[in-house]
Amino acid sequence: VQLQASGGGLVQAGGSLRLSCAASGRTFSSYTMGWFRQAPGKEREFVSASYWSASRTYYADAVKGRFTISRDNAKNTVYLQMNSLRSEDTAVYYCAAEVGSYFTADALRKANLYVYWGQGTQVTVSS
């Protein structure tokens with residue numbers, strides 16, 4: 001599976017961006033998809049995750065209510081809509097994938113669950 005993230009950029013605080021992650025490979029709908037981010041000098045942290053059906057989604061407390069994960073299995077693409085952006089959201093954002101849909105909520109939040117990773121897209125929020 002290859003993942004290609006896009007949609008990052010420079011935005012003012014309070015603005016919005018939508019990240020996309022296009023996946024190549026078979027049976028995209030069977031993958032659990034996640035978004036992580038890494039700011040300079042910090043560890044990679046969980047942002048959001050979605051099971052294949054998108055009926056169950058998970059968010060880090062820092063982004064809950066502002067970010068929305070969605071997916072289009074027909075297009076093999078997962079999205080991260082980011083609203084009300086803050087300077088602390090500045091980071092490189094990575095999408096990640098793992099086969100299967102039966103992970104605990106705690107497991108979904110750990111980067112080492114995911115085998116497949118995209119190259120990252122930079123999000124910079126100016127205050």
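Just so you know, residue 1 is the first one in the sequence shown, and it goes up from there. Quick caveat: nothing in here was measured; it's all calculated off a predicted structure. Below, all heavy atoms of this structure are taken into account, side chains as well, without hydrogens, waters or symmetry copies.
- For the atom pair CZ of Arg71 and OG1 of Thr57, the computed distance is 11.5 Å after rounding to the nearest 0.5 Å.
- Residues Tyr51 and Phe103 keep their aromatic ring centres 6.0 Å or farther apart.
- Between Val1 and Ala23, the shortest heavy-atom contact is CG1-CB, 4.5 Å.
- Side-chain contact of Asn83 with Ser16: a donor-acceptor pair under 3.5 Å is present, judged by distance alone.
- The two atoms that bring Val78 and Ile69 nearest to each other are CG2-CG1, 3.8 Å, heavy atoms only.
- One hydrophobic cluster, built from ILVMFWY side chains closer than 4.5 Å, cannot hold both Tyr79 and Met82; they sit in different ones.
- Ring pair Tyr31/Tyr116 is perpendicular by interplanar angle, where above 60° counts as perpendicular and below 30° as parallel.
- Arg37 and Tyr93 share a donor-acceptor pair across their side chains, judged by distance under 3.5 Å alone.
- Note that the OG1 atom of Thr121 and the CD atom of Gln4 stand 9.0 Å from one another [nearest 0.5 Å].
- Between Arg86 and Asp89 no salt bridge is recorded (no basic side-chain N to carboxylate O distance below 4.0 Å).
- No donor-acceptor pair closer than 3.5 Å links the side chain of Arg18 to the backbone N or O of Gly8.
- To the nearest 0.5 Å, the span separating NZ on Lys42 from CD on Glu88 amounts to 8.5 Å.
- Considering all non-hydrogen atoms of both residues, Ser48 and Leu80 come closest at CB-CD1, 4.1 Å.
- Looking at every heavy atom in both residues, Leu3 comes nearest to Ala97 through CD1-N, 3.8 Å.
- Side-chain atoms of Phe67 and Gln81, non-hydrogen and from C-beta on, never get closer than 4.5 Å to each other.
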For the pair Trp35 and Phe46, evaluate ring pair (Phe, Tyr, Trp, His ring centres under 6.0 Å) and give the outcome as yes or no after the intermediate values.
CA-CA 7 Å; Trp35 286 97; Phe46 170 77; over 10 Å; no
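- When all heavy atoms are compared, the tightest approach of Thr77 to Lys75 is OG1-O, 2.8 Å.
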Candidate pair Thr90 and Val123, rule side chain to side chain contact (heavy atoms under 4.5 Å, CB included), full reasoning:
CA-CA 5 Å; Thr90 295; Val123 172; 5.9 Å; no
Given Tyr59 and Val47, is the side chain to side chain contact (heavy atoms under 4.5 Å, CB included) satisfied, shown in steps?
CA-CA 6 Å; Tyr59 298 93; Val47 176; over 6 Å; no
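- From Tyr58, atom OH reaches atom NZ of Lys64 across 11.0 Å, with rounding to the nearest 0.5 Å.
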Starting from the C-alpha separation in whole Å, work towards a yes-or-no answer on side chain to side chain contact (heavy atoms under 4.5 Å, CB included) for Tyr102 and Thr32.
CA-CA 9 Å; Tyr102 300 102; Thr32 290; over 6 Å; no
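- Atoms OG and CG, on Ser127 and Leu85 in that order, are 12.5 Å from each other to the nearest 0.5 Å.
- Transitive grouping of hydrophobic side chains (ILVMFWY, heavy atoms separated by less than 4.5 Å) keeps Leu10 and Leu17 in distinct clusters.
- By the neighbour-count criterion of 12 heavy atoms within 6.0 Å, atom CD of Glu45 is densely surrounded, having more than that number from other residues, nucleotides or ligands.
- Atom CE of Met33 is separated from atom CG of Asn76 by 9.0 Å, given to the nearest 0.5 angstrom.
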